[in-house]
Structure formats: C-alpha cells, structure tokens
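For the numbers below, each heavy atom of this structure counts, side chains included, while hydrogens, waters and symmetry mates do not.
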Amino acid sequence: MVDPATPGDKQAEVILVGCGCPLRGMGWYHAVQMIGKECPSAALCHVVEPWFLGGGASGPGGPEFAEWAKETEAETGIQFNKSFGDVPAVADGVKRLALISGRTADNPRLLSECIEVRLWYWT
C-alpha cells in the first residue's frame, strides 16, 4: 500500500463525487484522466461513491467497481469513501475542489451536500 494521495505544489486536491462503474461511468473516465496525469493541475485524492460503496455494491457494476477501487487505492493512495463525512478535513494551504459526476437527477443533492459539509476549500 502506498501513502495517501496528496496534491503537488501547483495542483488542486480533487474529490471525485459519483465515480460510477469502470468503463461505463463518466466519473470513472475523469478519474482515469487524472490518474494518467492528463490534467496536470489536478491531483485525484478522494472518491466519494455512495452507490457502489453502499446499496449498489452487490448489484450490476458493484463487483467491478470494488475490484477497481481496491486496485486503484493500493497503487495510487486515492482514498475511496462512501459518504462526504468520511473525507478528512482539507489540510492548511491546500486548494480543494469537488468534481461532481453523478447521475443528473442526483447532482443537485450532491452539490448541496458538498456545500453543507464544506467539502471544498478555495481562497
């Protein structure tokens, strides 16, 4: 296991909200882009995936997500969380943003939850 993922000096710490199923979800594709360093100003450090880490874990796509999350966490240190409350507080001086990539119907609620728990921080 590697150390937890952290942003570099000129990067924002990104929390991907609503990753979705590997090879199918747009959030997953965004994760792959950040892991592959295709966005040099972004460091994916956390994934919040309420469905596949909750009620959808045993449904379609759940096992594939679990396998990908386990491998990704072990290789990169990206932390996978079921809820916003599981994400640690932002470290001093770190710029953090949430990339919301859930189902269209869920996104307004996910944004409200991000704001409510002050998941982001930017000055």
Side chain to side chain contact (heavy atoms under 4.5 Å, CB included) with [X]: which residues, sequence neighbours excluded?
X    : result
P7   : Q11, E13, A43, C45, V94
L111 : I100, I115
K70  : none
E71  : E67, E75

By side chain to side chain donor-acceptor pair (under 3.5 Å) - contacts of [X] (at least two apart):
X    : value
T6   : none
N107 : none
W68  : T72
H30  : Q33

With side chains defined as the heavy atoms from C-beta onward, is the minimum distance between L99 and S101 less than 4.5 Å?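 With C-beta onward as the side chain, the pair touches.
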If you define the side chain from C-beta out and look only at heavy atoms, does anything of W28 sit under 4.5 Å from C21?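 Counting from C-beta outward, W28 and C21 never come under 4.5 Å.
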Stepwise side chain to side chain contact (heavy atoms under 4.5 Å, CB included) check, V87 with R96: CA-CA 12 Å; V87 176; R96 174 186 272 182; 3.9 Å; yes
On a heavy-atom basis, which atom in [X] and which in [Y] lie closest, and how many Å separate them?
X    : Y   : answer
P4   : Q79 : CB-NE2, 3.1 Å
I78  : A5  : N-CB, 3.9 Å
A69  : F80 : O-CE1, 3.6 Å
V48  : K82 : CG1-O, 4.2 Å
N81  : D86 : OD1-O, 3.4 Å
C114 : F84 : SG-CE2, 3.5 Å

Salt bridge (charged side-chain N to carboxylate O under 4.0 Å, His left out) contacts touching residues 50-64 (sequence neighbours left out):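 Passing the test, one end in residues 50-64: R24-E64.
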Under the salt bridge (charged side-chain N to carboxylate O under 4.0 Å, His left out) definition, can you give me all pairs with a residue in residues 25-36, not counting sequence neighbours?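 Salt bridge (charged side-chain N to carboxylate O under 4.0 Å, His left out) check on residues 25-36 returns no pairs.
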Test of understanding: with salt bridge (Lys or Arg N to Asp or Glu O under 4.0 Å), list the residues that count as partners of R109, not counting sequence neighbours.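 If we apply the salt bridge (Lys or Arg N to Asp or Glu O under 4.0 Å) test to R109, skipping adjacent residues, the hits are D106, E113.
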Drop me the distance from I15's CD1 to L97's CG, to the nearest 0.5 angstrom.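 Reported to 0.5 Å precision, the distance equals 8.0 Å.
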First locate atom CG of D3, then atom OG1 of T76, and finally report the distance between them rounded to the nearest 0.5 Å.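 Output value for this atom pair is 11.5 Å.
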By the side chain to side chain donor-acceptor pair (under 3.5 Å) test, which pairs, at least two apart or in different chains, include something from residues 35-46?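 Residue pairs with at least one partner in residues 35-46: there are none.
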